[in-house]
Amino acid sequence: MVEAIDVHKSFGSNEVLKGISLTVKRGEVMCLVGPSGSGKSTFLRCINHLERINSGRLTVDGALIGYREHNGKLHELKPSEASAQRVGIGMVFQRFNLFPHLNALDNVISGLVRVKKIDKSTAEMEGKELLTRVGLADKFEHFPAHLSGGQQQRVAIARSLAMAPKLMLFDEPTSALDPELVGEVLDVMKSLAASGMTMIVVTHEMGFAREVADSLVFMDAGVVVESGDPEDILSNPQHNRTKNFLSKVL
């Protein structure tokens with residue numbers, strides 16, 4: 001589903017990604033872990049071309065992301081073409097990014113109506129099903145200001161699912177939540193994983209990684225230090241940098 005080949009990304013003179021190569025199979029849940037500043041979130045944003053890579057290649061479901069190849073050279077897609085690619089890639093951010101002037105249901109169906117041009121009554125049926133799926137059947141009319149952080153994040157997940165993505169990206173989706181609200185969001189993510197959704201999750205929730213992930217990638221300073229089976233890495237890391245990190249978070 002996702003293939004990264006020698007991906008580099010710099011912000012000015014600061015090289016944030018220093019040659020990331022990895023593969024995510026269809027239906028796989030991959031967790032990216034590592035210290036702040038290691039490039040995890042930047043890599044996620046490159047997967048849907050919210051950030052432009054400097055070199056390397058990124059493909060999702062066989063399609064080159066953000067670029068087209070012509071005569072052996074890569075040419076960046078127009079913004080409208082890049083946006084069309086993103087429709088199939090759901091992304092959930094640390095901050096919920098809900099529209100404050102729309103209620104939960106209208107937040108969920110905004111993409112269906114505006115992007116997919118689905119009539120509002122059909123979109124509302126789908127939106128209600130998705131909000132019910134994430135445990136918010138009684139919150140259709142509630143505005144973000146009247147929802148808890150965990151409820152807002154579940155609305156954000158439902159909004160991403162409304163576009164029927166083939167891939168879901170989660171950028172530390174529980175880091176902005178009070179501790180007692182983390183579980184309700186992780187439960188939704190677990191059910192998504194069980195349904196076969198391909199997911200890449202940047203997280204500090206090691207219990208989630210151990211229980212749900214098919215693969216675990218430890219990043220530091222813009223490189224992949226160690227990757228493999230979550231239980232193996234969490235129980236018996238091979239690199240000193242991984243051991244040092246895990247000693248502080250487990």
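Only this structure's heavy atoms are used, side chains among them; waters, hydrogens and symmetry mates stay out.
Counting heavy atoms from C-beta on, the side chains of Phe93 and Gln153 never come closer than 4.5 Å. Residues Ile157 and Phe170 have side chains in contact (heavy-atom distance under 4.5 Å, counting atoms from C-beta outward). Between Arg57 and Val7, every side-chain heavy-atom pair lies at or beyond the 4.5 Å cut-off. Proximity of Thr42 to Leu17: side-chain heavy atoms (C-beta onward) are separated by under 4.5 Å at one or more points. Using a 4.5 Å heavy-atom cutoff, the side chains of Met189 and Val92 are not in contact.
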Practice task
Begin from the C-alpha positions of Glu172 and Thr203 and carry the test side-chain hydrogen bond (donor to acceptor under 3.5 Å, both in side chains) through to its verdict.
Solution key: CA-CA 5 Å; Glu172 297 191 37; Thr203 186; over 6 Å; no
Practice task
Give the C-alpha distance, both sets of side-chain angles, the deciding distance and a yes or no for side-chain hydrogen bond (donor to acceptor under 3.5 Å, both in side chains) between Asp171 and Ser41.
Solution key: CA-CA 6 Å; Asp171 187 8; Ser41 295; 2.6 Å; yes
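Gln152 places a side-chain N or O within donor-acceptor distance of the main-chain N or O of Leu147, the cut-off being under 3.5 Å. Looking at Glu226, its side chain does come within 3.5 Å of a backbone N or O of His239 through a donor-acceptor pair. With Ser160 contributing its side chain and Met91 its backbone, the two residues share a donor-acceptor pair below 3.5 Å. Judged by distance alone, with hydrogens and angles left aside, the side-chain atoms of Gln151 form a donor-acceptor pair with the main-chain N or O of Ser148 at under 3.5 Å. With hydrogens and angles disregarded, a donor-acceptor distance shorter than 3.5 Å links the side chain of Lys9 to the backbone of Arg52. Side chain of Ser38 to backbone of Pro35: a donor-acceptor contact under 3.5 angstrom is found. Using a distance-only test at 3.5 Å, with no hydrogens or angles considered, a donor-acceptor pair links the side chain of Glu28 to the main chain of Lys25.
No more than 12 heavy atoms of other residues, nucleotides or ligands sit less than 6.0 Å from atom NZ of Lys120.
In the hydrophobic clustering, where aliphatic and aromatic side chains (Ile, Leu, Val, Met, Phe, Trp, Tyr) are joined below 4.5 Å either directly or transitively, Leu234 groups with Val33, Met206, Leu216, Phe218, Val223, Val225, Ile233, Phe245, Leu246, Val249, Leu250.
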Without placing hydrogens or testing angles, list every side-chain donor-acceptor pair under 3.5 Å for residues 192-201, not counting sequence neighbours.
{"from": "Ser195", "atom 1": "OG", "to": "Leu192", "atom 2": "O", "distance (Å)": "2.6"}
{"from": "Thr198", "atom 1": "OG1", "to": "Gly27", "atom 2": "N", "distance (Å)": "2.7"}

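Every side-chain hydrogen bond (donor to acceptor under 3.5 Å, both in side chains) that Asn103 has, sequence neighbours left out, goes to Glu141. Not counting sequence neighbours, the partners of His8 by the side-chain hydrogen bond (donor to acceptor under 3.5 Å, both in side chains) test are Asp6, Glu15.
A donor-acceptor contact closer than 3.5 angstrom links the side chains of Glu76 and His49.
Taking 4.0 Å as the cut-off between side-chain N and carboxylate O, Arg68 and Glu81 count as a salt-bridged pair.
In this structure, Asn48 CG and Arg86 CZ are separated by 6.0 Å, a value rounded to the nearest 0.5 Å.
Pairs passing the salt bridge (charged side-chain N to carboxylate O under 4.0 Å, His left out) check and including a residue from residues 174-188, sequence neighbours excluded, read Arg154-Glu184. Residue pairs meeting the salt bridge (charged side-chain N to carboxylate O under 4.0 Å, His left out) criterion with at least one member in residues 203-219, sequence neighbours excluded, are Lys190-Glu211, Arg210-Glu231.
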